[in-house]
**Student:** 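This is the structure I want to talk about, given as structure tokens.
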Amino acid sequence: MLTLQALRHDRPAVEAALSKRGLDAAPLLDQILELDLQRRTTQKEVDDLKAEQNAASRAIGDLFKAGKKEEAESRRAEVGLLKERIQALDEKQKALIQQQEDALLELPNRPHESVPSGQSEEDNEVVAEEGDKPNLGDSAKPHWELADQYKLIDFEAGVKISGAGFPVYRGKGAKLQRALIQFFLDRADAAGYEEFIPPHVVNADSGRGTGQLPDKEGQMYHCTEDDLYLIPTAEVPLTNLFRGDLLKSDELPIQLCGYTPCFRREAGSYGKDVRGLNRLHQFDKVEIVRFEKPENSYAALDGMVEHVRGLLRELELPFRTLRLCGGDLGFTSALTFDLEVWSAAQERWLEVSSVSNFETYQANRLQCRFRNAEGKPELVHTLNGSALALPRIVAALLENHQTADGIRIPAALQPYTGFDRIA
RNA sequence: GGAGAGAUGGCAGAGUGGUCGAUUGCGGCGGUCUUGAAAACCGCUGUACCGCAAGGUACCGGGGGUUCGAAUCCCUCUCUCUCCGCCA
């Protein structure tokens, strides 16, 4: 969430930035600042009364010690009155803080100055397009047909044992999956990201820390018995690794990566979007996460995008890079680049990575800070990106590298698969 | 699942009703000494909120209670550790 300080000191800029999301934040900002004013007034009152009470208590103690029992007793009654007033104000104060917190939670992150305004994905800015789209003509088969033809994925089996959106990978399909995970992790490791294997279920505090809760409650699988959530992305456990921490300046930057399955309910999805591997309830992903000093975070973001592009080049997939517009930008993000691969048979772009800088939005919720040059705690910037999400990569590999006599495996991947073709 | 112990500042670890926001050690910062460094010695060193400031308030796992006054007593929740049981 945004910091109160930012709203207080920089309100016009915040409001202008939020308007790029197509959001008129003025009423909410008014409300928050009004609550803030009330809160400060109430706090002053209650603090003064408490100071009075503390002084009285000390005096009573002294009176007892001095043996002046009568006087002490009379002052006791006096403090009793004070307490009632304090209690009432305390409750008022608590309510105000809660309201303010709730309102603050409704505000999305403030888009970076480079974010174009826009309503939807139509308005995203294509930053670059790379690689050649294969010319397959009418013979191009969609990946779900190829997956069936070469016995790589059994969608029906998944439906039987779990439900739609839970594919079963088999044979070379399973091996390809494992090879990609290993390939992505090796590349992340080489780029300086330390590998983690985090829990795949998290508590509500973690969900709140990275902003999935309360915003996306309905998108997560929730084990109510234990009040745990299946992770929708490794971002959640990985970023929460440093929740509540006060980092030393020289500990930054922190670079982590991890492979996890990801679980998403995807309520409300339908149609061609959910065909084959396009949209799943469970999928595999390697995620990269960084904690940065504010002045370095945008350079880090560029580095992460470049890392992901390198992976796509090695996989020999045509791809493009998008700078998300305000309307398509995630709730918690300040700037996001999406990477999309070309799906040769479906003839459309598939999002395979989303690389974001959250600035202090997550860190504020996480209370993840570092000691700055003045020795004062300051919120870090958090970033993350998929590097990469598997299903659509698999879809694109199958579709783009299909030939009359099988699927060609890119050279970079062959050491990992142990085969150079699926036939 | 049963029994017991515990949760205190960046870390370690004292403190069982009245200047305790908290002894001490480590770490960090500054200084003395030194050609430089180490060692030694001296000093400083939690966070948040309100306030121009002086200063005030809150925080000793979370929540509630007792009391004029709670880190300290009571209740409750969560978590950790030890032992037992079960188990990959």
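Owing to the predicted nature of the structure, the values given are computational and were not obtained by experimental measurement. Convention: sequence-line order gives letters A, B, ...; per-chain numbering from 1.
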**Student:** Taking the C1' atom of each, how far is B:rG17 from B:rA71, in whole Å?
**Tutor:** 11 Å
**Student:** Any chance the side chains of A:S206 and A:N203 put a donor and an acceptor closer than 3.5 Å?
**Tutor:** yes
**Student:** Is the phosphate of B:rG69, meaning OP1 or OP2, less than 4.0 Å from a side-chain N or O of A:Q53?
**Tutor:** yes
**Student:** Output yes when at least one side-chain N/O atom of A:K94 is less than 4.0 Å from OP1 or OP2 of B:rG64, else no.
**Tutor:** yes
**Student:** Whole-Å distance between B:rG69 C1' and A:L63 CG?
**Tutor:** 13 Å
**Student:** Could you give the distance separating B:rA5 and B:rU24 at their C1' atoms, to the nearest angstrom?
**Tutor:** 24 Å
**Student:** Just call it for A:A51: base, sugar-phosphate, or nothing, with non-hydrogen atoms closer than 4.0 Å on any strand.
**Tutor:** sugar-phosphate
**Student:** Using atom P of each nucleotide, how far apart are B:rU34 and B:rA53 to the nearest Å?
**Tutor:** 42 Å
**Student:** Rounded to whole Å, please give me the gap between CG in A:L89 and P in B:rA58.
**Tutor:** 14 Å
**Student:** Is the CD1 atom of A:I197 crowded by more than 12 outside heavy atoms at less than 6.0 Å?
**Tutor:** no
**Student:** Which nucleotide sits closest to the side chain of A:K248: B:rG27, B:rU57, B:rC68?
**Tutor:** B:rG27
**Student:** Under 4.0 Å, heavy atom to any atom of RNA chain B: which of residues 361-371 of chain A qualify?
**Tutor:** A:R369, A:R371
**Student:** So which nucleotide does B:rA37 pair with, by the Watson-Crick or G-U wobble rule with both distances under 3.5 Å?
**Tutor:** none
**Student:** List for me each residue that meets side-chain contact (heavy atoms from CB on, under 4.5 Å) alongside A:A95, sequence neighbours excluded, and say none if there are none.
**Tutor:** A:Q99
**Student:** Given atom CG of A:N54 and atom P of B:rA70, what is their separation to the nearest angstrom?
**Tutor:** 8 Å
**Student:** In whole angstrom, give me the gap between the P atoms of B:rG61 and B:rC11.
**Tutor:** 13 Å
**Student:** Looking at the side chain of A:Q87, which of B:rC49, B:rG56, B:rG65 is the nearest nucleotide?
**Tutor:** B:rG65
**Student:** In terms of the nearest nucleotide of RNA chain B, which residue is placed more toward the 5' end: A:P377 or A:K44?
**Tutor:** A:P377
**Student:** Using purine N1 to pyrimidine N3 plus N6-O4 or O6-N4 for Watson-Crick, or N1-O2 and O6-N3 for G-U wobble, both under 3.5 Å, which nucleotide pairs with B:rG30?
**Tutor:** B:rC42
**Student:** When you compare B:rG62 with B:rC79, how far apart are their P atoms, in angstrom units rounded to a whole number?
**Tutor:** 15 Å
**Student:** Start at the 5' end of RNA chain B and walk down; is the nucleotide closest to A:Q5 or to A:E52 reached first?
**Tutor:** A:Q5
**Student:** Could you tell me how far B:rC52 sits from B:rC42 if I compare only their P atoms? Round to whole Å.
**Tutor:** 40 Å
**Student:** Given that both distances must come in under 3.5 Å, which nucleotide forms a Watson-Crick or G-U wobble pair with B:rU67?
**Tutor:** none
**Student:** Using whole Å, what does the distance between atom C1' of nucleotide B:rC11 and atom CG of A:D245 come to?
**Tutor:** 12 Å
**Student:** Expressed as a whole number of angstroms, how long is the span from A:K50:NZ to B:rC50:C1'?
**Tutor:** 12 Å
**Student:** Looking at B:rC60, which nucleotide sits across from it as a Watson-Crick or G-U wobble partner, both distances under 3.5 angstrom, or is there none?
**Tutor:** none
**Student:** Considering only the P atoms, how many Å lie between B:rU8 and B:rA3, rounded to the nearest integer?
**Tutor:** 25 Å
**Student:** So if I take every side-chain heavy atom of A:S57 and compare against B:rC68, B:rU57, B:rG27, which nucleotide ends up nearest?
**Tutor:** B:rC68
**Student:** Between P on B:rA70 and CZ on A:R58, what's the gap in Å once rounded to a whole number?
**Tutor:** 12 Å
**Student:** If you measure from the C1' atom in B:rU16 to the same atom in B:rG69, how many Å do you get, rounded?
**Tutor:** 15 Å
**Student:** Distance check needed: B:rG18 P versus A:R76 CZ, whole Å only.
**Tutor:** 15 Å
**Student:** Tell me which nucleotide among B:rC50, B:rU57, B:rC68 gets nearest to the side chain of A:V79.
**Tutor:** B:rC68
**Student:** Between B:rC50, B:rU47, B:rU67, which one does the side chain of A:K83 approach most closely?
**Tutor:** B:rU67
**Student:** Take A:H222 and A:D227, measure what side chain to side chain contact (heavy atoms under 4.5 Å, CB included) needs, and give me the verdict at the end.
**Tutor:** CA-CA 7 Å; A:H222 186 194; A:D227 199 21; 2.7 Å; yes
**Student:** Under 3.5 Å, is there a donor-acceptor pair linking the side chains of A:Y193 and A:R290?
**Tutor:** yes
**Student:** For A:H401, which residues count as a ring pair (Phe, Tyr, Trp, His ring centres under 6.0 Å) partner, sequence neighbours excluded?
**Tutor:** none
**Student:** Mind checking who B:rA5 pairs with, Watson-Crick or G-U wobble, both distances under 3.5 Å?
**Tutor:** B:rU80
**Student:** Side chains of A:N357 and A:E292 only: does a donor on one sit below 3.5 Å from an acceptor on the other?
**Tutor:** no
**Student:** Please pick, from B:rG65, B:rG10, B:rC50, the nucleotide with the shortest atom-to-atom distance to any side-chain atom of A:Q43.
**Tutor:** B:rC50
**Student:** Take the protein atom NZ of A:K68 and the nucleotide atom C1' of B:rC68, then report the distance between them rounded to whole Å.
**Tutor:** 17 Å
**Student:** Going by purine N1 to pyrimidine N3 plus the second Watson-Crick contact, or the G-U wobble pair, all under 3.5 Å, which nucleotide sits opposite B:rA14?
**Tutor:** none
**Student:** Once you apply the 3.5 Å cut-off to both distances, tell me the Watson-Crick or G-U wobble partner of B:rA53, or none.
**Tutor:** none
**Student:** Is A:D47 salt-bridged to A:K44, cutoff N-O under 4.0 Å?
**Tutor:** no
**Student:** Under 4.0 Å between a side-chain N/O of A:R40 and OP1 or OP2 of B:rC49, yes or no?
**Tutor:** no
**Student:** Establish, for the pair A:K172 and A:F419, whether the NZ or CZ atom is under 6.0 angstrom from the six-membered ring centre and no further than 45 degrees off its axis.
**Tutor:** yes
**Student:** For the residue pair A:S354 and A:D338, confirm or rule out a side-chain donor-acceptor distance under 3.5 Å.
**Tutor:** yes
